Novice: 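Structure below; questions to follow.
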Amino acid sequence: MKLGILSCSLKCYSTRRLREAAEQRGHKVKVLDTLKFAIDLEEGAPDLYFRRKQLTHYDAVLPRVGASITYFGTAVVRQFEQMDVFCANSSGGISNSRDKLRSLQILSRHHIGIPQTTFVRDKKDVLPAIERVGGAPVIIKLIEGTQGIGVLLAETVKSAEAIIELLQSQKQSVLIQKFVAESKGRDIRAFVVGDQVVGAMRRVAQGQEFRSNVHRGGITESVALDDRYCETAIRAAQIMGLRVAGVDMLEGKNGPQIMEVNSSPGLEGIERCTQLDIAGSIIDYIAAQVDFPEIDLRQRLTVSRGYGVTEIHIPEGSEFVGSSINDSGLRDRDLNALTLYRGTSVIPNPKSSRQLEAGDRLLCFGKLELMRDLIPAKTRRKRRPKVKDLPDLPVADEAHVDENEAPSEQVNTDTDDSSVDWTPSEED
Ligand code: ADP
Ligand code: MG
């Protein structure tokens, strides 16, 4: 295959090793500086220029997009996706992984261990939020920090409040997270490639430090992960949309707790620690998958007018409980069941003979109009909302009231919060 490695650090250990591993296996490989691309958009013809020349054909690209160039880097990857080139990590996956809030939001709807976390804006919400995650000591995290730099441990509620107020006044968004004390300054880095953990290490913080990042002085040791840790790491990478990922987990008392999923995990630490050819596994994986470029399902499936993807819940007492997919009449409604979610298991392409159970969720593709009756009434919208005239709006009424707030709060203009009010304009 002809492989492009997207990287701005042409000489770093990871890039060197990946190129070397590809060459050893007889592939053609080029390291392409991500920042030297031009993205050309024209009707029906997404195109890429590299150093002012039209890019030649590549079978696959391996993005190694650094955190400082996420926006441009993911745009380049997205362009490769539009051109049907296999990308080892999707642009969406990379964007997800760069934002600690977004990644935890995505993970939290799945049955996967994460440290309890909250995100608040209003000063009045800070104290209850700290209490909800278990009180002090508590972790405070910048949403886009890396290498341990944006992670703090506040010993008392008072200091936590002060730190959060300071950071918010500096326009920084912060997460408040339960301190997983039992992990004792240690964490696990599992290196996931495809549906396998190809290497793992434990990082141990030194001295008084609670952060185990190698950049913070953490030392590494090789570790054999049990099935639960492997399974969690692989699922986390899959949920995030990443095929090559460094999954960081804390060893909580109830098992693995995902802290973050890195989309450009470094190779030096893990290869030196495990003495395994991780670069080789990545290249072998790409060579095996090169015929399956990432497809944005929604983008592709919803282009036919009136068709779409939706999830159908099968509640207790539903007429579908006990009947097979075949007998359920879904096919007669021009509906295809793509995946069945049952508890914590995911059954792709469920057989037509499979019996439906109460609590099942079916991801279906079909004609939206015919699916409407299968969606619970509370989420149902009017068929074709008519465009109406604007109602008379009160002039410059800024009292923004949440539906759950008590009436007495509705007139409170919260003047004490003006020091942390940095609401940006919502108009573009
Ligand atoms: P970064 O992206 O900067 O590496 P992480 O969220 O991975 O940020 O946190 C850095 C380190 O801090 C982790 O490797 C871990 O050792 C420690 N840490 C982070 N969150 C927690 C937590 N909730 N409880 C205990 N230790 C934590
Ligand atoms: Mg980390």
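Counting starts at 1 for both ligands and their atoms, following the listed order. All residue numbers in this chain count up from 1 along the given sequence. Note that this is a predicted model, so its numbers are computed, not measured.
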Novice: Just to verify, which of Arg342, Arg354, Gln355, His313 counts as forming a side-chain hydrogen bond (donor to acceptor under 3.5 Å, both in side chains) with Asp360?
Specialist: Arg342

Novice: Hey, is Arg216 close enough to Asp187 for a salt bridge, meaning N to O under 4.0 Å?
Specialist: no

Novice: Out of the candidates Val133, Ile176, Leu104, Val180, only one should pair with Gln116 under the side chain to side chain contact (heavy atoms under 4.5 Å, CB included) rule; please name it.
Specialist: Val133

Novice: Taking 4.0 angstrom as the limit and counting only heavy atoms of Phe179, give me the atoms of ligand 1 inside it, by number and element.
Specialist: 24 (N), 25 (C)

Novice: Which atom name does Glu260 have for its N/O/S atom nearest to the Mg ion (ligand 2)?
Specialist: OE2

Novice: In the protein, what heavy atom is nearest to atom 12 (O) of ligand 1, and what distance, to one decimal place, separates them?
Specialist: Arg211 CG, 3.4 Å

Novice: Using a 4.0 Å cut-off to any heavy atom of Glu260, which atoms of ligand 1 qualify?
Specialist: 1 (P), 2 (O), 4 (O), 5 (P), 7 (O), 8 (O)

Novice: Closest by any non-hydrogen atom to atom 21 (C) of ligand 1: pick that one out of Val180, Asp248, Leu250.
Specialist: Leu250

Novice: With respect to the Mg ion (ligand 2), please indicate if Asp187 possesses an N, O or S atom at a distance under 2.8 Å.
Specialist: no

Novice: Would you call Glu231-Arg228 a salt bridge at under 4.0 Å N-O?
Specialist: no

Novice: Write down the atom of Ala60, the atom of Val290, and the distance for their closest heavy-atom approach.
Specialist: CB-CG2, 3.7 Å

Novice: Within the structure, is a non-hydrogen atom of Arg186 found at a distance of less than 4.0 Å from ligand 1?
Specialist: no

Novice: Who gets closest to atom 9 (O) of ligand 1 by heavy atom: Val151, Val204, Ile258?
Specialist: Val151

Novice: Using a 3.5 Å distance criterion without hydrogens, assess whether the side chain of Ser264 forms a donor-acceptor pair with backbone atoms of Val65.
Specialist: yes

Novice: Between Lys2 and Asp59 (salt bridge meaning N to carboxylate O under 4.0 Å), is one present in this structure?
Specialist: no

Novice: Atom 10 (C) of ligand 1: which protein heavy atom is closest, and how many Å away?
Specialist: Asn213 OD1, 3.1 Å

Novice: Closer than 4.0 Å to some heavy atom of Lys100 - which atoms of ligand 1 meet that?
Specialist: 1 (P), 2 (O), 6 (O), 8 (O)

Novice: Heavy-atom pairs closer than 4.0 Å: do any link ligand 1 to the side chain of Met259, the backbone, both, or neither?
Specialist: side chain

Novice: What's the shortest distance from atom 14 (O) of ligand 1 to any protein heavy atom, and which residue and atom give it?
Specialist: Asp187 OD2, 2.8 Å

Novice: Hey, is ligand 1 close enough to Ser212 that some N/O pair sits below 3.5 Å?
Specialist: yes

Novice: Check this for me, if you would: do Glu268 and Arg272 make a salt bridge, where the nitrogen-to-carboxylate-oxygen distance has to be below 4.0 angstrom?
Specialist: yes

Novice: Checking the side chain of Glu260 only, and the main-chain atoms of Ile258 only, is there a donor and an acceptor separated by less than 3.5 Å?
Specialist: no

Novice: Look at atom 3 (O) of ligand 1 and find which of Ser103, Gly185, Gly150, Gly148 reaches it with the closest heavy atom.
Specialist: Gly148

